[in-house]
Protein chains: 2
Amino acid sequence: MVDAPAVPFPSQRLSRAPAEPPRLRSIAHLRRFRRDQDIYGQEERNDTWYRVISGSARKYLTRADGRRQLVDIYLPGDLFGFTSRVHHRFAVQAVADQTLIACYPRWRVEALAEEDSATAREIIVQSFEALERLQEQMLVIGTVTAQEKVRHFLVYFHDRVSAGKDDSLALPISRYDIADMLGISAETVCRAFTDLRESGVISLQGPRHIKIMRRPSR
Amino acid sequence: MVDAPAVPFPSQRLSRAPAEPPRLRSIAHLRRFRRDQDIYGQEERNDTWYRVISGSARKYLTRADGRRQLVDIYLPGDLFGFTSRVHHRFAVQAVADQTLIACYPRWRVEALAEEDSATAREIIVQSFEALERLQEQMLVIGTVTAQEKVRHFLVYFHDRVSAGKDDSLALPISRYDIADMLGISAETVCRAFTDLRESGVISLQGPRHIKIMRRPSR
DNA sequence: CGATCATTTGACTCCTATCAAAGAAAGTGG
DNA sequence: CCACTTTCTTTGATAGGAGTCAAATGATCG
């Protein structure tokens, strides 16, 4: 089912690099980040909004007990760091090495959104997409068994990364990342991979290169 | 820590009934819903956006296996039903009887957002808040034990409902709702309530009326 | 006051977290 | 380019926790 709605907020971006409003682009500056380097930290002041140009990033939080909770993965085109709070609640760090990020001063984005409806619309579309990602992820986490969680996660993530091209998927993230996203242990994630492979649901070329053979009914 | 930022998108609404932009209000019409009545259905066309005036609503989805996943609870002032998709992925139904909902035709809201920055800002603020609720909920779900999930959920929900007035909380939702929100069984939720009461973390006046005695470190 | 629904408790099995360690892959420095 | 180190992935053993089925109690509504 392909949607091609005649509405201001398009249902699906056709490419992973969406049209950035020109006036928004003009206030950006670019920065490169190393693997695992923080783009912004937990509880940091929210002065800047960001967009992934290339590479990927994880949004996460470290709990009092040291456990890490991952709430989103950002891919090229994704705007992030926006909130109406003064301080961030989560941190975001680069996953891939040499991740390229566009940085926008918050006050300038907000001022621009006031007068330029294309910018306002871009913020709205991007936050809607973030919302839908989070909801999908909640569905994934809400399944009962670990095997189902991993299976649904792979399908969800495949649809994000490879936009329905084929059924193979190159994972940019580790088993630990998946575990911290799903709220289960990394060992359990591994066992789920093994079980899914043995039951023919997925096949593995390498640990990070999977192919989805059978999709779950959602 | 009270935030009073001099920025266009205020950090916290001071009351549960925020200032609705006048031009947005002018395109609304009001509807009442009975308990458990659908405000919109899963896979329904997204033609209308909504706001809770009084009462409450749950956003949920019924899975292929019949299990229900709850992803958000809407309280007075919350705007909902917005997405950039053509069809809804979730359904929303009234929790409380006689829930009063303002309905906005989607095309008129979108047209208004194009020319009226106050409307665009309201959409942005509301979707940011929805995002933050979902993230908080993900933190809740991401804790290890069921007892922790329930405990964190009660704190999270208390902060939403009673806005820090005191430590008591009147739950508008059932154990089943909580279970479907946390992805655990209703029996386990009950046991968690019992255990939390016995260990003095909460006290119960009635099943739906709790008092939080000790907060978890987050 | 009876009927229905929500909440609570019990018993049992299966699943997953945890601790431990081995094997595979990838990055580093000579 | 190779040896070495580090990180990532996989597998094993065990104990505790949660799902499920079942039933009793408590609350609510007509």
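In what follows, chains are A, B, ... by sequence order, proteins preceding strands, each numbered from 1.
- At distances below 3.5 Å, not a single donor-acceptor pair connects side-chain atoms of Asp167(B) with backbone N or O atoms of Met213(B).
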I'd like to know whether Tyr40(B) forms a ring-ring contact (aromatic ring centres under 6.0 Å, His included) with Tyr50(B), so could you lay out the CA-CA distance, the side-chain angles of the two residues, the decisive distance to 0.1 Å, and finally the verdict. CA-CA 10 Å; Tyr40(B) 63 81; Tyr50(B) 308 86; 5.6 Å; yes

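- In this structure, a donor-acceptor pair under 3.5 Å is present between the side chains of Thr83(A) and Glu132(B).
- Residues satisfying the side chain to side chain contact (heavy atoms under 4.5 Å, CB included) criterion with Pro172(B), sequence neighbours excluded, are Ser56(B), Phe157(B).
- Side chain of Arg89(B) to backbone of Gln135(A): no donor-acceptor contact under 3.5 angstrom is found.
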Reading nucleotides 7-17 of chain D 5' to 3', which nucleotides get B (base under 4.0 Å from a protein heavy atom), which S (sugar-phosphate only), which -? -SBBBBB----

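- Taking atom CZ on Arg34(B) and atom C1' on dC29(D), their separation rounds to 16 Å, with Å as the unit.
- No donor-acceptor pair closer than 3.5 Å links the side chain of Arg151(B) to the backbone N or O of Ala192(B).
- The footprint of chain B on DNA chain C, defined by a heavy-atom cutoff below 4.0 Å, extends from dA6(C) to dA11(C).
- Comment: Asp177(A) engages Arg68(A) in a salt bridge, judged by a side-chain N to carboxylate O separation of less than 4.0 angstrom.
- Salt-bridge formation is detected for the pair Asp47(A)/Arg45(A): a Lys NZ or Arg NE/NH1/NH2 atom is positioned less than 4.0 Å from an Asp or Glu carboxylate oxygen.
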